S.K.: 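The structure that follows is given in the form of structure tokens.
All figures in this text were calculated on a predicted structure; none of them were measured in a lab. Just so it is clear: chains get the letters A, B, ... in the order the sequence lines come, proteins before strands, and each one is counted from 1.
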2 protein chains.
Amino acid sequence: MNWNAISFDWNHVRAFLATVEEGSLSAAARATGQTQPTLGRQVAALEEAIGVTLFERVGRSLTLTTSGAQLVDHVRAMGEAANRISLAASGQSQSIEGLVRISASDVLSAYQLPPVIAQLRDRAPGIEVEVVSSNAISDLLRRDADIALRHIRPEQPELIARKLADSDAYLYATPDYLARVGNPKVVDDLKAANFIGYGAPDEMLPHFVAMGLPLTRDNIRYHSDSGVVGWHMVRQGLGIGVMSEHVAALTPDIVRVMPGLPPVSFPTWLVSHRELITSSRIRLVFDHLAKMLG
Amino acid sequence: MNWNAISFDWNHVRAFLATVEEGSLSAAARATGQTQPTLGRQVAALEEAIGVTLFERVGRSLTLTTSGAQLVDHVRAMGEAANRISLAASGQSQSIEGLVRISASDVLSAYQLPPVIAQLRDRAPGIEVEVVSSNAISDLLRRDADIALRHIRPEQPELIARKLADSDAYLYATPDYLARVGNPKVVDDLKAANFIGYGAPDEMLPHFVAMGLPLTRDNIRYHSDSGVVGWHMVRQGLGIGVMSEHVAALTPDIVRVMPGLPPVSFPTWLVSHRELITSSRIRLVFDHLAKMLG
DNA sequence: TCCAATTCATGCATTTATGTATAGGTGATC
DNA sequence: GATCACCTATACATAAATGCATGAATTGGA
């Protein structure tokens, strides 16, 4: 190995990568927990060391030079290798004490996870649990969480997934609200009802249509990014919402809309990283979640 | 990107890599131009940062732990990415001044390269040339050289190779030595002659046999790793040696053995790295070598 | 068994890098 | 066009890493 060729400061490469990814020295400083002068000096030092001008200093912002752009792919590869080192190192941990981060949708996090974690506390009191309540998908690859609960099967080969039991979802509302819309008996009776959307309304509508409901965009008057907020709208009598029967069973004063309507079945996947699952701490939480939710 | 996961000191990863590759902290320090205490502290800091004991300190030497061994692949990948950054950065250099390192066999380096470099000096006086005279093959991938002259076609896809003219090699000796072995006229007359081997004798013998010479291992009494040293043995009348006609033509007082014997033809390849050849300085030297030696 | 060579660990002075505070400049918005 | 928000660059005091010198321990060979 010719060590001289790679004798530039590797931390400066990370500074360059962070600056490219975050868009500015200041943003990179915020993201990495360093300061803007430090990042600026590190990038300048890297330019000096490898003899390539990476950024064009024009006005308030930096733009990549063409030379710099041709290095970015290799720099990203270096960052990904660093990430794999971090993953593998975490996977080597055989300590039964320490942090495990679980990512799940906010509904799962709020209604189903707490009792499961309570049982885990009795079984492994040394484990610290952080619930990353997020409806975004890309948590595991970004290393924001160690274990994720998802409703779609992950495709990445570096992830391992275990399918839990399928759940059934039904339409729910308050008796009060149902009376207000005339106690619907057939799907056509729902044409005048309000439906609660989780996420963007355009995203939710196809699911309702797939259930055989004759709805249009106008039926979704109230919506929220948060499933918990949406469910609270249902509980306040603002409209009809979809919910898994497990969560609905935990909610008093809520009734099923048209009990004859067939349910929507959806899967739940327990996901982790191939290299992380070798950690006995993460493995223990993974198996506990599989047993309790499966 | 979760920057927190890769917030360990990346230079410490290089220290770990160097220690694994070189076998000890002291050897790594010598190889990387740092000191042994620095390397030791860096590896210890990395262990602390990622929570993995990398080395077992037993006696005077360190041995990888199983945990450490499982990180090595990822660490190597990071080093290779760093190497590609270095390559790409060198390739971005559009400066016509600076160092270009040429790797070639010692015979080529000593007899054929100097006049070519003299012409290059007149054409591009700002270019500094280092001739890495080595019979080892793996120079370009180790980044010991920017351009290499080889007699076998390189197979790696990241290398680019241009074939130069084929050369003819003949047997040579001093008239004095030929008289001593009875001025051989047919190949069977060579059975009692001494042949000079370049490299290991077992490696050289098959080439002589392929030329149709009825030789055994006993015919190779004098040999050297260095082709230049071997050729000087021929010039001193120690035996018969193979040499390209170009080099032999530069050597006075040497005659061809049995002029009727057909030559051995061998190719010469000019090789560089795909990412390096984009450097105008390296490109210029590459093209000059191709023109002068082709 | 002893000696020489080589290894890793530690104390200390010096060099180097970092953060804080601040100045200077640019682009978007009202 | 003035203001605001945001960016980068620089000076200086402090914190951190490095190299040197040295010590302690182990291996291999005479």
S.K.: Nearest whole Å is fine: how far is dT10(D) C1' from Leu25(A) CG?
M.R.: 14 Å
S.K.: What is the distance from CZ of Arg41(B) to C1' of dC12(C), rounded to the nearest Å?
M.R.: 10 Å
S.K.: Expressed as a whole number of angstroms, how long is the span from Gln34(A):CD to dT20(C):P?
M.R.: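 For the pair Gln34(A) CD and dT20(C) P, the rounded distance is 12 Å.
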S.K.: Considering every strand and a 4.0 Å limit on heavy-atom distances, what is the contact class for Ser24(B): base, sugar-phosphate, or nothing?
M.R.: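 If one applies the 4.0 Å heavy-atom cut-off, Ser24(B) turns out to touch the sugar-phosphate alone, with no base involved.
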S.K.: Can you tell me how far C1' of dT8(D) sits from CD of Glu56(A), to the nearest Å?
M.R.: 15 Å
S.K.: Select from Ala27(B) and His12(A) the residue whose nearest nucleotide in DNA chain C is closer to the 5' end of that strand.
M.R.: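 Looking at the nearest nucleotide for each, Ala27(B) comes out on the 5' side.
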S.K.: Kindly point out which of dA9(C), dC7(D), dA9(D) is positioned nearest to the side chain of Ser26(A)?
M.R.: dC7(D)
S.K.: Can any side-chain N or O of Ser133(B) pair as donor or acceptor with the backbone N or O of Ser109(B) at less than 3.5 Å?
M.R.: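 Here the side-chain-to-backbone pair does not exist.
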S.K.: Judged by each residue's nearest nucleotide on DNA chain C, which is more toward the 5′ side, Pro37(B) or Leu39(A)?
M.R.: Pro37(B)
S.K.: In whole Å, I'd like the distance from the CG atom of Asp9(A) to the C1' atom of dT15(C).
M.R.: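 Value for this atom pair: 15 Å.
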S.K.: Write down the distance between CD (Glu22(B)) and C1' (dC8(C)), rounded to a whole number of angstrom.
M.R.: 17 Å
S.K.: With sugar-phosphate meaning primed atoms plus P, OP1 and OP2, does Gln36(A) contact a base, only sugar-phosphate, or nothing at under 4.0 Å between heavy atoms?
M.R.: base
S.K.: So does Glu158(A) pair up with Arg84(A), basic N to acidic O under 4.0 Å?
M.R.: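 No, Glu158(A) and Arg84(A) are not salt-bridged.
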S.K.: Starting at CG of Leu62(B) and ending at P of dA9(C), how long is that distance when rounded to a whole Å?
M.R.: 6 Å
S.K.: Would you indicate, yes or no, if dT18(C) has its OP1 or OP2 atom less than 4.0 angstrom from a side-chain nitrogen or oxygen of Thr38(A)?
M.R.: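 Negative; the distance criterion is not met.
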S.K.: Expressed in angstrom and rounded to an integer, what is the separation of Gln42(B) atom CD from dA9(C) atom C1'?
M.R.: 16 Å
S.K.: Using modelled atom types and a 3.5 Å cut-off, is there a donor and acceptor pairing between side-chain atoms of Arg143(B) and backbone atoms of Trp3(A)?
M.R.: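 Judged by distance alone, no pair lies under 3.5 Å.
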S.K.: Check for me whether the distance between the ring centres of Phe55(B) and Phe16(B) falls short of 6.0 Å.
M.R.: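 Yes: the rings meet the under 6.0 Å criterion.
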S.K.: Does Arg30(B) come within less than 4.0 Å of Glu22(B), counting only side-chain N to carboxylate O?
M.R.: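 Looking at Glu22(B) together with Arg30(B), the answer is no, because their closest N to O distance does not fall below 4.0 Å.
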